[in-house]
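First listed ligand is number 1; within each ligand, the first listed atom is number 1. What you see below is based on every heavy atom in this structure, not just the backbone, and it leaves out hydrogens, waters and symmetry mates. Heads up: numbering here begins at 1 and tracks the sequence.
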Amino acid sequence: MAKITKAVIPAAGLGTRFLPATKAVPKEMIPIVDRPTIQYIIEEAAQAGITDLLIITSRTKKAIEDHFDKSYELETELEKSGKTALLEEMKQIRSMMNIQYVRQAEPKGLGHAIYCAKSFVGNEPFAVLLGDDVVYSQKPCLLQMIEKFEEYQASILGVQSVAQSEVSKYGIVSGEQVSDRMWRVHDMVEKPKQEEAPTNVAVLGRYIIMPEIFEHLEKTKPGAGGEIQLTDALKTLAKEQEMYAYDFVGRRYDVGNKMGFLEATVEYALRREDLSEDFIKYLKQLVNR
Ligand code: G1P
């Protein structure tokens, strides 16, 4: 039975929704509390059993590679000064999995970015995690999806319902329910107008995809926003083989959006044992002012 050990994180986007912060700093490096957002995503992948990761980057994303590399000076300094816990944390960050990088030379869309992973992926099903979608859940979102993959042996899209007013931001799926939280996908549309959306079930940044997707990506013409869309290639793949949508359990934050980022910052801080007590006190004082 095919096992999912490879994942791809597209991280070549310009981050225009978060300017000016993202002018010189990759949006994936903006921290929630004290870790870059991409670290949360990679931790989720590691907890789901991913061992090999490809990050699709671009010219301005060097900081991502530095973050997951060994910093000699820092580790030597931490060792000398006896800061063992911090040293261990730094080592842990760089040893979560094998990470490779490839650059997407031009911003031609998510579908094109995934196509850059073709030779890394080879002929295996693989996971895709989008950096703007951070998910908090007891059982990591990707692990939930891998368990479903083991059962269904087909592409699985991670979905949740969104407000009708939000459908035009997402890939929207339609299909028939086959079991608890699972739908067989019949059709998909990227960023439909509110009045044209078939449902309000949105793909939220987690995918398990069969390798045949690359044949479809090759033929996919630019779609919504003039970009080569992953959704369009998935739509044609779904006509050819079974594809499922799984309504994952968890709180998902759109950290590429200012409001979503603020919600994530507050809620992750509240979950931190070392911060929550003081932070709650502060928030209470603030609202009672
Ligand atoms: C991308 C995908 C879209 C998906 C969304 C999830 O859009 O194209 O299908 O629903 O991520 O966050 P983006 O947010 O990159 O515009």
Participant: When you measure from atom 15 (O) of ligand 1 to the protein, is at least one non-hydrogen atom found at a distance under 4.0 Å?
Facilitator: no

Participant: Glu190 to ligand 1: N or O pair under 3.5 Å?
Facilitator: yes

Participant: Can you name the nearest heavy-atom pair linking Pro198 to Val189, along with the distance?
Facilitator: CD-CG1, 3.7 Å

Participant: Numbering the atoms of ligand 1 from 1, which are under 4.0 Å from a heavy atom of Val203?
Facilitator: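 By the 4.0 Å cutoff, the relevant atoms are 4 (C), 5 (C), 6 (C), 10 (O).
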
Participant: I'd like to know if the side chain of Gln229 reaches the main chain of Thr231, judged simply by a donor and an acceptor atom lying under 3.5 Å from each other, with no hydrogens or angles considered.
Facilitator: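 Pair absent, no side-chain N/O of Gln229 close to backbone of Thr231.
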
Participant: Taking atom CD of Gln138 as the centre, report whether more than 12 heavy atoms of other residues, nucleotides or ligands fall under 6.0 Å from it.
Facilitator: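 Counting other residues, nucleotides and ligands, CD of Gln138 stays at 12 neighbours or fewer.
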
Participant: Could you tell me, atom by atom, which parts of ligand 1 come under 4.0 Å of a heavy atom of Thr231?
Facilitator: 9 (O)

Participant: Atom 8 (O) of ligand 1: protein heavy atom closer than 4.0 Å?
Facilitator: yes

Participant: Determine, for Arg251 against Glu267, whether the closest basic-nitrogen to carboxylate-oxygen distance falls under 4.0 angstrom.
Facilitator: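 Looking at Arg251 and Glu267, the cut-off is met.
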
Participant: Within the 4.0 Å heavy-atom shell around Leu130, which atoms of ligand 1 are there?
Facilitator: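 Listed by number with element, the hits are 1 (C), 11 (O).
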
Participant: Considering only heavy atoms of Lys191, which atoms of ligand 1 have at least one such atom less than 4.0 Å away?
Facilitator: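 So the answer, numbered in order with elements, is 7 (O), 8 (O), 13 (P), 16 (O).
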
Participant: Is the shortest distance from a Lys or Arg side-chain nitrogen in Lys191 or Glu196 to a carboxylate oxygen in the other one below 4.0 Å?
Facilitator: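 Between Glu196 and Lys191 there is no salt bridge, as every charged N stays at least 4.0 Å from the carboxylate O atoms.
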
Participant: Show which atoms of ligand 1 fall inside a sub-4.0 Å distance from at least one heavy-atom site of Gln229.
Facilitator: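 Near Gln229, meaning under 4.0 Å from one of its heavy atoms, ligand 1 has 8 (O).
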
Participant: Can you confirm whether more than 12 heavy atoms, excluding those of Gln194, are under 6.0 Å from its CD atom?
Facilitator: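 Correct, the count exceeds 12.
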
Participant: Taking only heavy atoms of Asp133 into account, list the atoms of ligand 1 that are under 4.0 Å away from them.
Facilitator: 6 (C), 12 (O)

Participant: Is any NZ, NE, NH1 or NH2 atom of the basic residue among Arg17 and Asp254 found under 4.0 Å from an Asp or Glu carboxylate oxygen of the other?
Facilitator: yes

Participant: For Lys169, look at atom NZ and say whether over 12 heavy atoms of other residues, nucleotides or ligands are found less than 6.0 Å away.
Facilitator: yes

Participant: Run the contact test for Gly205 against ligand 1 with a 4.0 Å cut-off on heavy atoms, strictly below, and give the result.
Facilitator: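 Yes.
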
Participant: So between Ala113, Pro10, Gly131, Gly171, whose heavy atom ends up nearest atom 3 (C) of ligand 1?
Facilitator: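 Nearest option to atom 3 (C) of ligand 1, by heavy atoms: Gly171.
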
